[in-house]
Amino acid sequence: MDGSSSSKVTVEYHDPSGLFPLVQEQLTSRLPLRNLHWKSPNRPLRSIDSLHVDLVPSKESVHISSVTSPGLVPPDGVKRTSSGQRISGPSSSEILRPPGKERRHQIPGLRQTSYLKLYLLRCDDSDTYKSTARKQVREWVKAHTPPSQSSSSASTQENHDAFEWMIVHIVLPDTPAASQPRGTAAVSAATGEKEKSTGASRWTRGTTTILEKIRADFNASSKSAPDRVAQVRLQKDTVPPHMLPAVSTVMSPPISESPQEQERVWNDLILKIKTLILLSFDLRVSQYEEDIREKDSQRALPGWNFCTFFILKEGLARGFESVGLVEDALLGYDELSVGLDTIVRDQAHEDGQIQGGAILSFSEDVFQRASEILSQSQKDNGGSKEQARLHDEKPINSQKKNYRDLILSNNISIFDFRSYVFARQMALLLRLGNTRSARSDLEAKLQPKPNAGVIQRSVDDVNVGTRNATVPGTAEDLLSLAELCSRAINFITSAGRLLRGDLLNGAKAHEATFPGRLVDNLVRSWTFAALQQILDETSTISLPISNLPSDPASGSSGKMRSFGNHREEQKASVPEPKTMIHPTRSSSLNFGRSSSADPPYAQPTSTGQVVYADGQYQDRPIPGQESNVPQMKTGLQELAGVRAQLYVVERRILEQIGKTMGWDIGWAAILSHHTQNDDLSDVDLNGKDDEGGEDVAAEKVQDTISPILGLSAAPLIDATASIDRFRESYEHLSDMIIKHYTAAGQVKSGEGILGDLAALRFELGDYQAAAMYFGRMASLFAESRWNFVETTMLKMHAQCLHKLNRTDDYARALLDLLAKSAANRKLLHTSFKRSESYGWPKEWLNDDNVNTEGVFHDLVDFSVQLPKDKIVPMTKYFSDIVVEPYVRHFEDKDGFQLRLSFRHLLEDEIEIDRAKVHLISANAAQGKDIWLESSSSFRLQKGLCRTWLGSNVNTTGPYMVEKIIIEAKRIVFLHEPFTKTEATTPLRITTSVSAASLKAAKNARVLCFPRTEAFRARVYLSHFIHIDQARSVEIECSSGWNDIHRAEIRVRSASAGLRLRTATATATTGDVKIQDKPNPGVISITAMESETTATFRVPYELEQILPELSIKLEVVYFTDKGEFQYHSSFLIPIELPLDVNVHDHFKNESLYSKFNIKTSSNVPLEILGVGLDGSEDFQVHSPKKINSPTHVFPKQPLAVTYKVTKKEVNPAKRRQSRVPTTGSLSLSVEYRCMDEDVMDRVESLFATAVESSGVQQFARLLISTFTDRLQHRILPQQFERIALLDKVDMGAFEDMGWSECMDSLPPSLRDDTQKWLQDWHEENKSILLVTVPGNESRTANTAPASPYPPRRIVITVSIPQTHVLHTASLSLQSAEQASMHSPTIAVVGQPLLADLRIKHTRRWGLPSSLVAAANLSSPDDPIEFVYSIEASPEVWLVAGQRRAQFTAKEGEEKTWPIMLMPLKPGNVLIPNVEIRARVAPKLEQKAESNAADEALNCETDYLGYGECIMVVPDVRSSTVGVGDEMGVMRAAVWMEAESRLGV
Amino acid sequence: MTNRVPSIACIGVLGKHNNPLHISLFPPEERAPLEFQFLLSSCLDIFEARLPHKTLDQDFGLLQAVDERLAMYGWLTNTGVKFVIVVDMEGRPATALDSKSTTAVGIRDSDLKPAFRALQTAYIMLLRNPFYNPDDHSPLTANAEQRIGSTQITSRKFIHEVKRIGDSWVPGAGNI
C-alpha cells in the first residue's frame, strides 16, 4: 500500500479541561500514524503504512469545552493533517451519529466507533491529582472501560466496538507538574528508551511524580498489559495565557526540555496510541471473525438471513478498509459477492422460497422513477420541467442510497444489492489504484459532510490539481485500475441485464407496463453512464489518451449538475461472481510493443474530427501522445486494453440507440444501404421478433413515445440530437477505442474498429479516407484469411474507388473481389459436390461465402473506361478450364474446331466478346502457332460453359494449348495451362517436369489433323535429279474440295544453309499458273479448281552438305468461304541412295564404260532402268535393256557396261561448236528406294482401307500416324529382307503404338476406330509387295504399286580424256596353233619371232591440252615415246629391241621385230608392253604457268593382255622302259627322247 | 426478457495463425456475420495478451463482455488453435427445463467448459481424419501456394458437430 492510503480511525478524546487545542497542533503534526504492523493469529503480518486518525471530542468534552473555553475550540476545528490537507473536523455528534443510530440489536458492521479514547488530563500538581483528578479519571475509566477488559468472557457483542483507553497527562508550563521530572526508569523501560538526561538526576520532590502516580493507579498490573499513561509537556509559548495558572507558584524552576526530549515524549505518546489502536482493532477483528464463522455455520439453519450475514461480514471488510487494509477488505467483498451469487441462485432455484432472506426481484424506487419518467413524457413534452432521471452521471455509488439499511431490512433488490457490492469494490480498487478520484474521494472522506449526498469530486478541483502536481501520476497502480475496469465491464453488462429485469419485474408487480423502448433506453442509459463513470474514474495521466475523453464527459455531466444535488435514489448493482476475477497481469512481456505501433490512422481521424459547437468534443490530434506513451508503466497496456473494451461497450450502446432512432452506422449502415437482401437487415427484423409477445403490444406504444425517452446519460442525449451528432459521437468513441487499443498493443481489435470508422467515412462521403482504410485493412485481414471480412472490405473499397474515379484501382479491386468469390465457388464445386443436395447447417458461417452478384457485370461494363486491356489470370475466376483435345472439323470448309469448356462460377451473366485459344506445336521443330477463335460473342451464364473455337488452319501434328484467352470488353482473362518454362521448351527436352504436369500436358495435347477432303500439300524431293543441275523440291498441292480463288504458298527453309529459290519456281503439273513471286519464299498462284492437284518445283541450293532438308510450308488459300491456311513442315532426306562408279577402258575406236551401281545406305534399291545417252560426239552402244526391275543390295551392286564410240564428225566443226562440254554422256538411272517404296505402298494400302471404312473422318490423322509409326518400326536392315521376301511384316496392333493417337480422338468414336484398326491389323499381319504386272490374283493384303513415279537420276558421265592412246600388239609370227581355239604353242628354248606394233592416236584427247601437256608447238607434232617390254627374265628371254625410243604422230603405226624365247614350259603370258612418253623439258616460263597442268596422259591399249602361250618342252617323243625285274614292278626307265626341231 | 436464457450465439475456431477455421452462428439469421467476425478477431488480442500469464490450463474463461447480452469465452489448445464461444445471455426463450438462476447470476466459466471440451473433442476427431491436413488450413501454406479463399474447415462432420454443440449447450449442462 502506498503512503497516501485513505485509512482512517477515530480516536475520541475526553477533554474536561479544554486542553485539546493546546496539543492539537503537536499531535496532528505527528499524524497520520506510520508503520503499524498488525499480526493476527490466522493472518500473515500486515503492515499499515499510514493511518489517519480522526480526533473527535467525546460528547462530554464538547459540552465542557464549549462551556469552559468557547474561544479555544475552533468552529468545526480546522486542523492540519500531516499531509497538509485542510480537513474539517467533524463534531463528535456528527461522527457518532450513524453508529448511534444503528440498531444495536442488529449485527452491526465493524463500525467507525473510536478505537481509542484519550483522557486529556490536566493536573497541575500532585495535590490536584490527589483531590480531584484521580477521581475524575477513575470515573472516566470506569465509564469507558470496555467490558472485554473488565472481564474477558463478557458479552462478545461489545467487542464489535472494542476500544482502548489512555490517559494523556498534559503538563502545562509553569505548573508544579511541569517542574516535576519526567518519568521514572519504568517509563523509560516501557517506552524502550533511555532517558538519561531526564532520568534519575532530577529527583527534586521526594517520591513520585504525578505521572508515576497515575501510572500506578491506572495501569494494569500484569506485565503484558499495555501502558496506558503518557505525558506531554507543553511549551509556554503555545499555551494561551488564560490557561496558565494565574499565580505563578513555581517553587522549582521548570524543567526545560530540549527539542529532542520533546520529540521523544511525543513519539512515546504516538507509539502508545498505535499499540492501543492495534489492540482494539485486533479485538474487533477477532470478534467479527468469530461472529462470521458462527453465522456462516448457521447457513443451513432455517431463518438464516444472508442480509444479516452480509452486514456482519461487510463490517469486517469495512474495518479493514478503515485501517487501510484495502486488499483484505476487497477480499471480503469478493467473498460476499460470491455468497450473494449463491443466494441468488438458490433463490431462483427454489422459486422464491428463500431460506436466507428474500432478495427482491425489483426495486421500488427504480419502478417509481421509471413510471415517473413515463408519465412525464406522456403528460407534457415541451415542458421546461426537469425530467425525472433514473441515474445521474455517477450511477455506481455506494452512498446513493442507504444500502446498508436496505440490506438490514431485507428490503433490497438484486440490482441494488449488486450495485452496492460493486460500488464498494470499485471504491476499494480505486483506492488500491490510488487514482485521482480515489484520492479526492479520500479527502472527501476525511472531511465528511453528512448531508452532502453526492460528493463533488470534480477532477479539476483545485485541490486535486495541486495534489496531482505534487504526487506524480506514477504512483498510480495501473494494474488495479485495469482490474477495476475488467470487473466493471463484467459487472455493468450483467447489471444492465439485472436492471432490465428489475424494471420489468417492477412493472409486473405493479401491474403496469413499461414500453420496451423505455426499458431499453433506461438500461442503456444506465449502462452508458456507469461505463462512463468507470472510464472517468480510471483515467490516469499515465495513459494520456484516457484523460482526454474523461474531460469532455465530465464537462458534459457538469451541465447536468443541477440535478446533482437533488439526490436520487440510485439503482445500484450487484457484481458478477468470482468468474470475473482475472489474474492481474504484468505486462513485462509485451512491454513497449504497442507504443511504436501507433498506426498512421491518427492523421485522417484527427483531421476528420469535427469540433462541436459547444466545445464538447474537440478536435484532438494527439501530438502529445507520442511523447507520453513511451514512458509506459506496468499495467498500462492492460489498462488501455480494458478501457478500450469499456469504450467498445459504450459504442455498442450508442449503436443500439442509433438503431432505435432508425440510424444505422458503420457497417450496418453501408451494408444495409448497398445490399438489400443482406443478412444485417435480416437481423433487424428478427431481432424485433424475439423480443417476445409482451413487447409487441408495447411496441405500439413505442410509436407514440419519443425514442430517446428514458435516456439520461448526457452523451447519449447529446448524440441523439441529430444524426450528425450521432455520427460524431460514434466517431469519437471509435477514435477513443482505437487509441486505447493501440496503446494496449491490441492491433487486431483496433483494426476492426478502424473498419467501422472506414465505413463511417464512406457513409459520410469521405471516400478518399475510406478507400485508404479499406485498402489497408482488407489486406490485413486477407493475411490471416478472414475471407468474409476481407471481401466485405474489398467491396467497399471498390465502391470508394469507383466514387473516386480511380478506374484502374477500381477494376483491380473488383477483380480481387471476384477472385475471392470464384475461389469459393470453385472450392464448393470440387469438394462439396453434394452440398447442393444435402445442405450445410445454416449455422455455419461459410467464410468463403461471398455475394458478388452484379459485380462481374459492373466490372465488365466499367472496363470500357479502362485505358488499356486488363489482363488477369483466368483461373482465378473460372474453373475447370479445359480445351477438349478433340478436333472437330467444319462441315463445309477446311480448318478445325476445338471446344473450350470452363465453368463460370459467378452469378452474373456476362457477355464474352471473344474467346481465343493459342496452340503451339508440341514438337519444337514443327510449325506455326495456331489461334482458334470463337466465331461470335456469347453470353456467359453460371455453370459449365462450352464453346467451339474455330481455326482456318489445316495442319497435322501434336499441339499444346499455350494460352486461353477470354475477352469481355477490356477485361482479358488469360490462362496458360503450362508455366512459361514448360511451354517454351518442349516436353521432351524438359527434364524436371513433374509427373503431374506431364500428365496434364499429355492430356492437353491436341492432335490436329485436317479433314479428309481438305486441302493438302506435300513437299518432296523432286523425283528427277540431274546430278549436275540444281536440285529441287516439289510442292504438290491438292485442292481437295476447295475451289480456290487464289493461294499463296510460303516455303520456308528450316535447315541452316538451305536456300530455296522460289524465284525460279515453276509449275510442273496441274492447270495452275504461278501468278507472282512477290517475296522470297512466297509463290502466289492462280485459281485452282476443286479436286485438282498442282505441283510446283522449287530449286534449292545448299551451302553445306545436309542429310536432309527441313522445309516449312504454309499455304494461304482463299475460297468462297474465306481464307484458310495450311501449315506443315517436312523433313526431306536428300542423300542419294545410290552410288555409281564408272570404269573406263579406251580402245582405239571405242571406249568401254562400266557403271557400277551400289546402294549408299543399307536400304536396297530397286533399279527399274539404266540408260546411257549418247551425245553429239559419241555414240553409245548399250547392252540389252533391263527389262525387269533389279534389286540392288548392299552387297550386290549392279554393273552395266556401255561401249562408247566417237561419232565421226568434222573435227573442225566439232571443235568450234562445243569445245568445253565435249564428250559428256549422261547416265540415267530409274530407281526406287526400298524404304520409300515400301512406305508409299503400305501407306496407300492403308489409306485405301481407311478411306473406304467407317473411320474415314480420321483418315488424315490415321494415315499420318500410321506412316510415322511405320517409319520408326522398320529398321533399315529389315528392308533387305523385305526386298527379298516381298513381304512386310506389320506386327500386332499393340506394337504399332496407336494409343497416343487414339487418345486424341473423341471418346465416343475412339472405340470404333480402335476396333477398326485392330481388325485391319488382324487382316494385314504381313503385306505382300509383289508387283507382277498383270497378276490379277492380288490378295487383299497385297500392297498396290507405289502411287508415285519412280525416281530418276541423271548422272553426267564425262568421257575420260587421254591425250595419246597407243594400241600395242605383240603378234607371234611363227607360232603354231594346234587348233583355232587352242592357244599358241611354243617350245621351250625355241625362239619365237614376234612383231611389236604400236599404233599412235591422239583422237581421245583435246589437241589444246595435248599441246600443253606434251609441250608441243602444234598438236600434230610428233611426240617422243619409249616402249619397253616387261617380261620376267625367268620366263622369257627377249631378244631384239626390248626397249626403244620412238616418235609418233597421229595415226602412225610402227613395227619392231622381237625375238622371244620361252624358258619354262607351261602356260605363259606373253610379255607386257609399256609405253611412256618422253616429254621434252618445258621452258621455264611455261613450267611456271602450267606447273599444275596435267601431265601428258598416255594410255596403252595392249591387245596382248592376258594372252597366253602354251610352252611345251622340246620333245617330240620319248621312250620309256618299264621293268619287271625280280618281281618288283617299280622301275621305269626313260630310254630316249626326240627333239621337235629335229624332225 | 426474463424468460430468456443464455445460449451460444457464435462458435469460432481460430487457427494457430489467427486465421478463422470455422465460424458458426446461432441462430444464423439473427447474427450479423461481419459483426461476429470482428468480435472474434478482436478476441485474438486478448488471447495474445493473456498468453504469457497462462499456465497449463487451456481455459481462458471470459475474454470480454461485449455488451449487455454478448460475452466471449475462450479456450486455447496446445496446438495454438483457439475456440471462442460467444454467449448471448438472452439467446433463446426459456423452456420449462431451464433453470432460472442464470438470468440473475449470469453464467460462470465452468458453465462453458463442457462446450469447450466437446469442441475440442470434435476438433480432435477432425484431426484424426487422415484426409484432413491441418497444413492445408494454414494461411502460410495457402499464401505460399497462392491459393485464394479462406482456410476454413470444410469437414461436414465437424460442422455438424459444432452445430450440435451450439444448439445443445445450456448453462450448467454437464456433458455435451
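Note that the coordinates shown come from a computational prediction; the quantities given were computed from them, not determined experimentally.
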**Q** Can a salt bridge be assigned to the pair A/Arg652 and B/Glu35 using a cut-off of 4.0 Å between side-chain N and carboxylate O?
**A**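 Yes, charged N to carboxylate O under 4.0 Å.
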**Q** Go through the side-chain N and O atoms of A/Trp786 and B/Gln37 and say whether any donor and acceptor fall under 3.5 Å apart.
**A**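 Side-chain D/A pair, A/Trp786 to B/Gln37: absent.
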**Q** Tell me which of these, B/Ala65, B/Gly12, B/Gly15, B/Ala71, has more heavy-atom pairs under 4.5 Å with chain A than the rest.
**A**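 Between B/Ala65, B/Gly12, B/Gly15, B/Ala71, the count favours B/Ala65.
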**Q** Relative to chain A, which segment of B/Leu40 carries a heavy atom at a distance below 4.5 Å: side chain, backbone, both, or neither?
**A**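 The answer is both parts of B/Leu40.
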**Q** Can you say whether B/Val162 sits under 4.5 Å from chain A via the side chain, the backbone, both, or neither, judging by heavy atoms?
**A**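 Interface part for B/Val162: neither.
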**Q** Could you tell me which portion of A/Gln656 (side chain, backbone, both or neither) has an atom closer than 4.5 angstrom to a non-hydrogen atom of chain B?
**A**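 Contact with chain B involves the side chain of A/Gln656 alone.
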**Q** Tell me, for B/Ile153 versus chain A, whether the close heavy atoms (under 4.5 Å) come from the side chain, the backbone, both or neither.
**A**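 Backbone only.
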**Q** Could you walk me through whether B/Ile159 and B/His22 pass the side chain to side chain contact (heavy atoms under 4.5 Å, CB included) check?
**A** CA-CA 8 Å; B/Ile159 291 167; B/His22 176 89; 3.5 Å; yes
**Q** Relative to each other, are the rings of B/Phe83 and B/Tyr123 parallel, tilted or perpendicular (30° and 60° limits)?
**A**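 Rings of B/Phe83 and B/Tyr123: perpendicular, over 60°.
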**Q** Restricting to non-hydrogen atoms, name the atom on B/Ala115 and the atom on B/Ile8 that form the minimum distance, rounded to 0.1 Å.
**A**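 In this case the closest contact between B/Ala115 and B/Ile8 is CB-CD1, 4.4 Å.
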**Q** Relative to chain B, which of A/Gly755, A/Gly641, A/Gly496 shows the most heavy atom pairs under 4.5 Å?
**A**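 Heavy-atom pairs under 4.5 Å are most numerous for A/Gly496.
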